[in-house]
Amino acid sequence: MKYNIIEEKGKIILKDIKNFEPKHIFECGQAFRWKVEEDKSYTTVAYGKVLNVKKENDDIILSNTNIEDFNNIWYNYFDLDRDYDEIKKELSKDPILDEAIKFGEGIRILNQEPFEMVISFITSANNQIPRIKRSIELMSKHYGEKIVPGEQEYYSFPTAENLSNAKPEDLKEICKVGFRGERIVQTARIIANGELDLNSIYNLTRDEGKELLMTLPGVGPKVSDCILLFAFNKDDAFPVDVWVKRVMEHFYLKEDTNVKLIGTHGARIFGNLAGFAQQYLFYYARELGIGK
DNA sequence: ATCCAGGCCTGTG
DNA sequence: CACAGGCATGGA
């Protein structure tokens, strides 16, 4: 990445940075906790911190942070070590990806917190994105930790310990997670117990990590791929949801198929960049309503 | 009203 | 192994 870092009080400024468009990154479906503000900046809670991100011309301004947190947390969170020019150059050889990349040219794939991804994508099953976001906010508010950096209150995403002690009925009634309540508590318990060590997945392949994650209640083929891609940096993961199914059938298969076939097809044509391809395609398809 | 949403689980053939 | 049907919830 070619950019200059400027440190001001409470801010880190990334000067002249490419491949970083907040709207694309935060609204492409990989993250559920970024809220757009009136000034078009975005705010989230992650790693126990509140962070605001604003784009001004070709600069990105990170507010309520400092150089230590930037180096220790946000540099990796925003995947700043990766050369997106190279990825886009390779994927653009495919004419359909070329269009999708033009549409979401500023997408980056974040490296988010494993437990939060596990629960968030369990919550996503047969659900709608606005409802998923609402349930995640409610879980954070009721089971997370309060953070007050200024005038406003924020809540961190709950720990496995805290969620393992929640009652499924409460998750349903208070957090509106529906039938996913039991799965959330059971999975939180397995992780809180240490029965499954999420950190071990960093050192596994996609297939190995997938096999392990799918032992968790509520985690199947699609949810596991999301967790592997959005938390564990497995770039060959290719989550196939209704939108990816639609866009792949519309542009590539030209017929009605099934998610399993699309998964193998995606792996074959996109290879070790499948995760990036999926994210460009998902954003493109959902924003434009392709195949619906 | 019926259908559907970033699917998964369980039971059947 | 493939394939239904069910599942909470609420907006279209």
Side-chain angles (χ1 to χ4, degrees), chain A residues 24-34 100 104 107 109-110 112 114 116-139 142 157 166-191 196 209-232 234 237-250 256-264 266 270 274-292:
Chain A
H24 296 169
I25 296 171
F26 306 138
E27 296 185 19
C28 72
Q30 63 179 318
F32 297 107
R33 296 205 69 194
W34 284 93
I107 287 178
I109 296 191
L110 302 171
Q112 303 182 73
E116 179 175 338
M117 291 300 97
V118 169
I119 300 301
S120 295
F121 283 99
I122 288 174
T123 306
S124 78
N126 196 31
N127 209 339
Q128 296 178 149
I129 290 181
R131 291 172 44 77
I132 300 164
K133 288 181 177 174
R134 186 183 62 160
S135 286
I136 290 170
E137 284 316 303
L138 288 167
M139 282 190 274
H142 289 275
F157 191 83
K167 292 183 193 162
E169 314 88 73
D170 290 342
L171 287 176
K172 291 181 192 181
E173 288 171 28
I174 301 171
C175 305
K176 310 296 181 188
V177 300
F179 63 89
R180 308 161 194 85
E182 287 82 2
R183 301 172 181 178
I184 290 171
V185 173
Q186 287 173 20
T187 288
R189 194 168 293 153
I190 291 168
I191 292 168
L196 190 156
K210 189 161 184 161
E211 188 179 350
L212 186 60
L213 283 169
M214 283 178 59
T215 64
L216 294 168
V219 179
K222 188 270 176 183
V223 168
S224 61
D225 267 335
C226 285
I227 298 164
L228 290 164
L229 181 59
F230 301 139
F232 293 107
K234 308 301 180 199
F238 190 73
V240 181
D241 57 47
V242 290
W243 285 105
V244 173
K245 181 171 185 290
R246 282 173 188 151
V247 72
M248 291 292 287
E249 287 175 350
H250 183 78
D256 192 12
T257 61
N258 58 71
V259 294
K260 193 169 180 182
L261 191 153
I262 290 172
T264 57
F270 302 128
F276 299 99
Q278 190 271 1
Q279 211 46 205
Y280 289 118
L281 287 171
F282 175 85
Y283 185 60
Y284 185 55
R286 195 168 92 92
E287 294 290 313
L288 271 52
I290 290 170
K292 184 150 175 156

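If you're wondering where the values come from, they're calculated on a predicted model, not measured in any experiment.
- Counting only distance, with no hydrogens or angles, the side chain of R134(A) and the backbone of I129(A) share no donor-acceptor pair below 3.5 Å.
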**Message:** Is there a side chain to side chain contact (heavy atoms under 4.5 Å, CB included) between K222(A) and V240(A)? Walk through the geometry before answering.
**Reply:** CA-CA 6 Å; K222(A) 188 270 176 183; V240(A) 181; 5.5 Å; no
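- Backbone-only engagement by K260(A) is indicated by non-hydrogen atom pairs under 4.0 Å involving sugar-phosphate atoms exclusively.
- Proximity of a side-chain donor or acceptor of R180(A) to a complementary backbone N or O of V177(A) within less than 3.5 Å is detected.
- Contacts between residues 117-132 of chain A and DNA chain B, defined by a heavy-atom separation below 4.0 Å, involve F121(A), S124(A), A125(A), N126(A), N127(A), Q128(A), I129(A), listed by number.
- Taking the six-membered ring for Trp and the full ring otherwise, F270(A) and F276(A) have centroids separated by 6.0 Å or more.
- The nearest whole Å value for the distance from the CH2 atom in W243(A) to the P atom in dC4(B) is 13 Å.
- Contact annotation: the side chain of V244(A) approaches that of F238(A) to within less than 4.5 Å [non-hydrogen atoms, C-beta and beyond].
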**Request:** Check the pair I184(A), M139(A) against side chain to side chain contact (heavy atoms under 4.5 Å, CB included), reporting the backbone distance first and the verdict last.
**Result:** CA-CA 11 Å; I184(A) 290 171; M139(A) 282 190 274; 4.2 Å; yes
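- If you take CD on Q112(A) and SG on C226(A), they are separated by 10.5 Å, rounding to the nearest 0.5 Å.
- I122(A) and P217(A) get closest at one heavy-atom pair: CD1-O, 3.6 Å.
- Protein chain A contacts DNA chain C over a range whose 5' and 3' limits, counting nucleotides with an atom under 4.0 angstrom from a non-hydrogen atom, are dA2(C) to dG10(C).
- Among the atoms of the strands shown, base atoms are found under 4.0 Å from some heavy atom of Q30(A).
- Using modelled atom types, no side-chain atom of Q278(A) and backbone atom of A237(A) make a donor-acceptor pair closer than 3.5 Å.
- Atom CD in Q186(A) sits roughly 11 Å away from atom C1' in dC9(B) (whole-Å rounding).
- Atom name C1', nucleotides dG10(C) and dC9(B): the rounded distance is 23 Å, in whole Å.
- Partners of K210(A) according to the side-chain hydrogen bond (donor to acceptor under 3.5 Å, both in side chains) rule, which considers only residues two or more places apart in sequence or in another chain, are D225(A).
- For F26(A), the ring-ring contact (aromatic ring centres under 6.0 Å, His included) partners two or more places apart in sequence, or in a different chain, are W34(A), Y42(A).
- Salt-bridge formation is not detected for the pair E182(A)/K167(A): no Lys NZ or Arg NE/NH1/NH2 atom is positioned less than 4.0 Å from an Asp or Glu carboxylate oxygen.
- Heavy atoms of Q278(A) sit under 4.0 angstrom from at least one base atom.
- Using a cut-off of 4.0 Å between Lys/Arg side-chain N and Asp/Glu carboxylate O, E249(A) and K245(A) are scored as salt-bridged.
- Near DNA chain B, meaning a heavy atom under 4.0 Å from it, residues 213-228 of chain A has L216(A), P217(A), G218(A), V219(A), G220(A), P221(A), K222(A), V223(A) in order of number.
- Within residues 280-292 of chain A, no residue approaches DNA chain C, by heavy-atom distance under 4.0 Å.
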